[in-house]
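Okay, structure first, notes after.
Within every chain, numbering begins at 1; the chains are lettered A, B, ... in the order of the sequence lines, protein sequences first and strands thereafter. FYI, side chains are in, hydrogens and waters are out, and symmetry mates aren't considered; it's all heavy atoms of this structure.
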Amino acid sequence: MYQEISEQESIRRNSLKELEALGINPYPAEAFNVNISTNEIHDKFPADNSLYSDISIAGRIMTRRIMGAASFVDLQDSSGRIQLYIKRDDICPGEDKSLYNNVFKRLLDIGDIIGVTGFVFITQMGEISIHVRSLKVLSKSLRPLPVVKEKDDQVFDAFSDPEARYRMRYVDLIVNPEVRDIFIKRNKIISIMRDFFNESNYLEVETPILQPIPGGAAARPFITHHNALDMTLYLRIANELYLKKLIVGGFNGVYEFAKDFRNEGMDRTHNPEFTVLEIYVAYKDYFWMMEYVEQMLERVAVGLHNKTEVTLGDRLINFKSPYRRLTMTDAIKEYAGVDITGKNEDELRAICKEMNIETDPSMGIGKLIDAIFGEKCEHHLIQPTFIMDYPIEMSPLCKRHRSNPDLTERFELFVNGKELCNAYSELNDPIDQLNRFQEQLRLSQKGDDEAMYIDMDFVRALEYGMPTCSGMGIGIDRLTMFMTNQPSIQDVLLFPQMRPEKTNAPIGDPDEAFVGIGVPEAWIGVLRKYGFKTIEQLKEANPNKLLNDLGGLRKKMKLDIPALKIEEIKSWIEQ
RNA sequence: GAUUCCGUAGCUCAGCAGGUAGAGCACAUCCCUUUUAAGGAUGGGGUCCUGGGUUCGAAUCCCAGCGGGAUCACCA
């Protein structure tokens with residue numbers, strides 16, 4: 001196949017061949033011994049300069065400033081950048097200057113990966129740099145990297161096209177250091193949480209992603225098929241039921257950082273696959289869990305920022321505990337100005353109508369209340385706020401409220417007007433659980449396509465007895481968005497879901513095929529430019545028209561190649 | 001799904017009362033031994049997203065499609 005490449009790519013491929021011709025392997029197999037990183041040098045030099053006379057470091061060439069027989073290179077490794085000073089007569093001590101003149105100056109490019117040895121010094125301009133004694137090619141880059149420049153914290157020509165950044169995250173990570181930082185912070189968030197749970201002696205577990213019944217939440221699942229078992233399987237929408245089965249099994253506390261999958265819309269806060277932390281702890285209730293969440297988030301914020309306040313857009317969010325607690329009824333009273341206590345379905349529908357909130361007939365009491373809350377309250381909840389005691393219809397896995405049977409012991413934590421956590425005193429009454437599942441079934445028959453599936457194995461587990469228990473789920477992607485001040489979920493996912501790219505696959509027949517039917521090599525490029533990518537296309541052409549057009553192109557492009565004869569063209573086509 | 005904006009060189013972008021496609025960086029050749037958005041000289045590089053239409057003529061105007069962003073709707 002033939003792949004169209006740009007001029008710059010073609011130059012780099014030629015450089016690659018030249019390197020090989022010089023006996024330099026552009027992709028060597030052996031390890032390169034690195035004994036220091038760029039940030040270590042910046043941290044410790046020159047206070048501790050005795051250590052930096054014999055260093056060995058590797059990274060990517062990010063910019064070059066060539067000044068005759070000496071050059072400066074910005075080398076980037078995983079921790080940052082450092083300037084290299086490369087002097088011809090230092091890396092080429094003998095008569096042969098080709099390593100500098102040819103290899104470094106001509107055959108290496110921005111984006112190539114090299115290893116160097118040398119010593120650290122400070123230039124006249126005051127920049128800590130490495131005076132290079134030897135240089136080795138570690139990997140040749142065949143595609144030109146976007147060149148981002150910077151002066152006085154002002155960035156020039158940033159690689160900023162979101163589509164290109166998300167599709168080619170590797171390039172984004174190379175040239176945009178703040179992107180790398182987001183993902184380092186994301187990892188740190190998870191580590192802090194994991195440490196926190198482990199200190200409590202809770203057990204990290206793994207539960208099935210392929211589930212026969214997509215339980216534990218209400219959402220449209222991705223559906224797949226297992227061939228050997230010849231059965232439908234679903235990618236999990238939640239792992240809640242499995243984790244609770246483990247509490248039945250006798251673990252005191254279990255947690256899982258889980259990828260969940262939901263076959264729904266995508267936007268700034270939703271990706272079809274996303275990460276959720278769920279944790280379940282025996283003998284606790286939702287009051288205990290609120291305090292645990294407060295401690296956890298405070299610790300994450302301090303771990304990342306050394307303080308509990310976190311900047312989010314033009315707001316400052318303070319994760320210092322305790323957080324405000326508000327029942328859903330009180331929140332609606334406060335922000336919507338109505339008391340929903342004791343209201344039936346028709347009355348709630350009337351309230352919605354009055355407030356211009358859209359409803360449909362499938363909505364029960366729970367969904368109607370949720371609609372009012374979503375419309376009138378959520379966006380007010382900027383600082384971390386626990387909303388407690390949700391209507392029972394909305395929470396089929398949650399324990400009935402200890403003092404009001406129409407409510408559940410559930411809370412959600414809202415931050416910046418968005419839901420961050422969801423937690424319950426878990427329902428452990430197997431008979432009530434089955435009734436609630438059956439109620440969900442009725443809702444789904446009524447037309448609610450988000451009602452839950454019934455998992456009879458889960459009911460059976462509860463029948464063996466689950467201790468009182470509190471569980472909590474928190475969206476790791478959203479938490480990362482809050483903690484790193486990113487407005488879009490795509491910016492906290494390394495590889496956000498995208499529509500397939502227009503194929504950039506190789507098109508057309510290779511050079512050999514054209515040569516095979518007698519086309520002179522010099523003409524192959526012209527034919528491609530003219531639109532003949534395959535032999536088949538060429539054979540359908542009119543020879544006389546082709547002769548005329550190619551002759552015209554030859555003149556226009558000032559090609560220094562022999563003109564074609566009609567017999568030649570006919571012979572290609574007739575072969 | 002709706003509305004709206006965008007798609008031009010490797011990157012960032014200009015060009016759009018329709019008339020031979022531009023800049024900076026990057027790239028190539030040359031000069032330059034402590035520079036740093038290095039500098040100087042010269043040069044090459046384009047399916048103007050795709051397909052139709054209007055027109056003597058379309059990157060530019062119109063229609064459709066593809067891809068992306070934003071807003072809204074949907075979404076435990």
Side-chain angles (χ1 to χ4, degrees), chain A residues 4-12 14-15 62-74 81 83-90 100 105-106 109-111 121-127 129 131 141-167 171 175 216-220 237-238 240 260 262-270 272 274 276 358 366-367 370 373-374 390 394-398 410 412 419 421-424 449-452 473 475 487-488 490 496 498-503 507 528-531 533 556:
Chain A
E4 293 222 14
I5 56 174
S6 70
E7 183 195 32
Q8 290 195 43
E9 286 174 90
S10 144
I11 288 165
R12 282 173 183 239
N14 285 337
S15 299
M62 297 306 288
T63 75
R64 297 198 299 171
R65 295 175 288 281
I66 295 176
M67 312 165 58
S71 297
F72 295 90
V73 165
D74 284 354
R81 288 190 187 189
Q83 176 171 270
L84 307 181
Y85 176 63
I86 300 177
K87 202 167 153 184
R88 183 186 62 202
D89 297 337
D90 282 359
Y100 183 81
K105 272 170 70 174
R106 266 194 340 103
D109 291 288
I110 288 175
F121 74 111
I122 297 186
T123 65
Q124 288 178 4
M125 301 301 287
E127 178 151 354
S129 306
H131 191 123
S141 163
L142 296 180
R143 287 178 185 258
L145 211 54
V147 177
V148 181
K149 302 217 172 185
E150 199 189 323
K151 188 187 189 182
D152 302 331
D153 287 334
Q154 205 186 338
V155 177
F156 299 84
D157 301 330
F159 177 59
S160 55
D161 175 24
E163 181 175 2
R165 287 183 47 226
Y166 299 146
R167 287 198 196 278
V171 176
V175 302
R220 288 224 306 276
I237 56 174
E240 170 158 359
D260 289 349
R262 296 186 184 179
N263 203 343
E264 285 166 359
M266 294 166 60
D267 61 25
R268 233 177 49 239
T269 54
H270 296 85
F274 59 103
V276 174
E358 271 187 56
K367 284 224 155 192
D370 191 43
F373 178 77
Y390 283 62
M394 293 170 63
S395 316
L397 300 167
C398 184
R410 171 180 183 179
E412 290 191 345
E419 177 202 339
C421 302
N422 182 22
Y424 308 148
D449 57 4
E450 288 157 16
M452 283 187 190
S488 165
Q490 298 176 105
M498 303 283 273
R499 280 204 168 80
E501 204 170 350
K502 224 186 288 178
T503 54
I507 301 165
R528 287 210 179 97
K529 201 147 205 143
Y530 189 57
K533 312 270 188 203
K556 190 178 165 200

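- A 3.5 Å limit on both hydrogen-bonding distances identifies no Watson-Crick or G-U partner for B/rA37.
- At a threshold of 4.0 angstrom between heavy atoms, the contacts of A/Asp89 include nucleobase atoms, whether or not backbone atoms are also involved.
- Listed nucleotides B/rG10, B/rC27, B/rA76 differ in distance to A/Ile110; the shortest reach to its side chain belongs to B/rC27.
- A/Pro144 places none of its side-chain heavy atoms less than 4.5 Å from the side chain of A/Asp109.
- As rounded to the nearest Å, B/rU60 and B/rG7 have C1' atoms that lie 14 Å from one another.
- Checking B/rA26, B/rU36, B/rA76 against every side-chain atom of A/Asn422, the shortest atom distance belongs to B/rA76.
- With its glycosidic angle more than 90° from 0, B/rA41 adopts the anti conformation.
- Distance CZ (A/Arg165) to P (B/rC6): 21 Å, rounded to an integer number of Å.
- Among the atoms of the strands shown, base atoms are found under 4.0 Å from some heavy atom of A/Phe121.
- In plain terms, the two heavy atoms of A/Arg262 and A/Ala217 that are nearest each other are NH2-CB, 3.5 Å.
- Of the listed nucleotides (B/rU34, B/rA76, B/rU36), B/rU36 has the atom at the smallest distance from the side chain of A/Met125.
- Here A/Ala164 lies out of heavy-atom contact (under 4.0 Å) with every strand.
- Atom-to-atom, CE of A/Met394 to C1' of B/rC75 comes out at 13 Å; the value is rounded to the nearest Å.
- A/Met394 has its side chain out of reach of A/Phe373: every pair of non-hydrogen atoms, C-beta onward, lies at least 4.5 Å apart.
- Neither OP1 nor OP2 of B/rU29 sits under 4.0 Å from any side-chain N or O of A/Lys105.
- Contact annotation: A/Lys149 does not reach the phosphate of B/rU36 (side-chain N/O to OP1 or OP2, under 4.0 Å).
- Contact between the side-chain N/O atoms of A/Arg65 and the OP1/OP2 oxygens of B/rU35 is not found at any separation under 4.0 Å.
- Between A/Ile5 and A/Arg143 the shortest side-chain heavy-atom distance does not fall below 4.5 Å.
- Using a 4.5 Å heavy-atom cutoff, the side chains of A/Tyr100 and A/Lys87 are not in contact.
- Rounded to whole Å, the separation between the C1' atoms of B/rA58 and B/rU8 comes to 14 Å.
- As a whole-Å value, the separation of A/Ile66 CD1 from B/rA26 C1' is 13 Å.
- With P as the reference atom, B/rC5 and B/rA64 are 13 Å apart, rounded to whole Å.
- A 4.5 Å side-chain heavy-atom check between A/Met498 and A/Glu163 finds at least one atom pair inside the cut-off.
- Residue A/Phe159 has its side chain nearest to B/rU12 when only B/rG10, B/rA76, B/rU12 are considered.
- Here A/Glu419 lies in heavy-atom contact (under 4.0 Å) with sugar-phosphate atoms only.
- Relative to the side chain of A/Thr123, the nucleotides B/rU35, B/rA26, B/rA76 differ in distance, and B/rU35 lies closest.
- Across the C1' atoms, B/rC62 and B/rG40 are found 49 Å apart, a figure rounded to whole Å.
- The closest side-chain heavy-atom distance from A/Arg499 to A/Met266 is not below 4.5 Å.
- As a whole-Å value, the separation of A/Asp109 CG from B/rC27 C1' is 8 Å.
- At B/rG69, one or more side-chain N or O atoms of A/Gln490 fall inside 4.0 Å of OP1 or OP2 (strictly under the cut-off).
- Following rounding to the nearest Å, A/Arg262 (CZ) and B/rA76 (P) show an atom-to-atom distance of 8 Å.
- In the set B/rG67, B/rA26, B/rA38, B/rG67 carries the atom at the smallest distance from any side-chain atom of A/Glu163.
- Going from the C1' atom of B/rU36 to that of B/rA21 covers 34 Å, rounded to whole Å.
- The closest side-chain heavy-atom distance from A/Asn422 to A/Arg410 is below 4.5 Å.
- Contact of A/Asp161 with B/rC11 (side chain to base): no donor-acceptor pair of N or O atoms is detected under 3.5 Å.
- In the set B/rA28, B/rC25, B/rG69, the nucleotide with an atom closest to the side chain of A/Pro162 is B/rG69.
- Of the listed nucleotides (B/rC27, B/rA76, B/rU34), B/rU34 has the atom at the smallest distance from the side chain of A/Phe72.
- You'll find that the side chain of A/Glu127 is closest to B/rU36, out of B/rG67, B/rU33, B/rU36.
- With P as the reference atom, B/rG15 and B/rC6 are 11 Å apart, rounded to whole Å.
- In terms of heavy-atom proximity, A/Gly111 sits nearest to A/Ser141 at O-CB, 3.4 Å.
- A/Ser160 comes within 4.0 angstrom of the backbone, heavy atoms only, and of no base.
- Closest to the side chain of A/Arg268, out of B/rA26, B/rU36, B/rU71, is B/rU71.
- Nucleotide B/rU3: paired with B/rA70 (Watson-Crick or G-U wobble, both distances less than 3.5 Å).
- Comparing the C1' positions of B/rG22 and B/rA9 gives an interatomic distance of 10 Å, to the nearest angstrom.
- Using N1 to N3 plus N6-O4 or O6-N4 for Watson-Crick, or N1-O2 and O6-N3 for G-U wobble, each under 3.5 Å, B/rU42 pairs with B/rA28.
- Remark: P of B/rG46 and CD of A/Glu9 are 13 Å apart, rounded to the nearest angstrom.
- If you measure from atom CD1 of A/Ile122 to atom C1' of B/rU36, you get 15 Å, rounded to the nearest angstrom.
- Residue A/Arg106 is the one, among A/Arg106 and A/Tyr85, whose nearest nucleotide of RNA chain B lies closer to the 5' end (criterion: closest heavy atom).
- Phosphate contact (OP1/OP2 of B/rG68, side-chain N/O of A/Arg167, threshold under 4.0 Å): present.
- For the C1' atom pair drawn from B/rC30 and B/rC16, the interatomic distance equals 39 Å after rounding to whole Å.
- Both A/His131 and A/Glu7 lie near RNA chain B, and the one whose nearest nucleotide falls closer to the 5' end is A/His131.
- Of the nucleotides present, B/rG22 is the one that pairs with B/rC13 by Watson-Crick or G-U wobble criteria, both distances under 3.5 Å.
- Taking 4.0 angstrom as the limit, A/Arg499 places a side-chain polar atom (N or O) nearer than this to OP1 or OP2 of B/rG67.
- Across all strands shown, the partner of B/rC61 is B/rG53, judged by Watson-Crick or G-U wobble contacts whose two distances both fall under 3.5 Å.
- Side-chain N/O atoms of A/Arg12 include none lying less than 4.0 angstrom from OP1 or OP2 on B/rC27.
- Taking 3.5 Å as the limit, the base of B/rG10 and the side chain of A/Gln8 contain a donor-acceptor pair of atoms between them.
- Counting heavy atoms from C-beta on, the side chains of A/Gln83 and A/Thr123 come closer than 4.5 Å.
- Distance NE2 (A/His270) to P (B/rC74): 12 Å, rounded to an integer number of Å.
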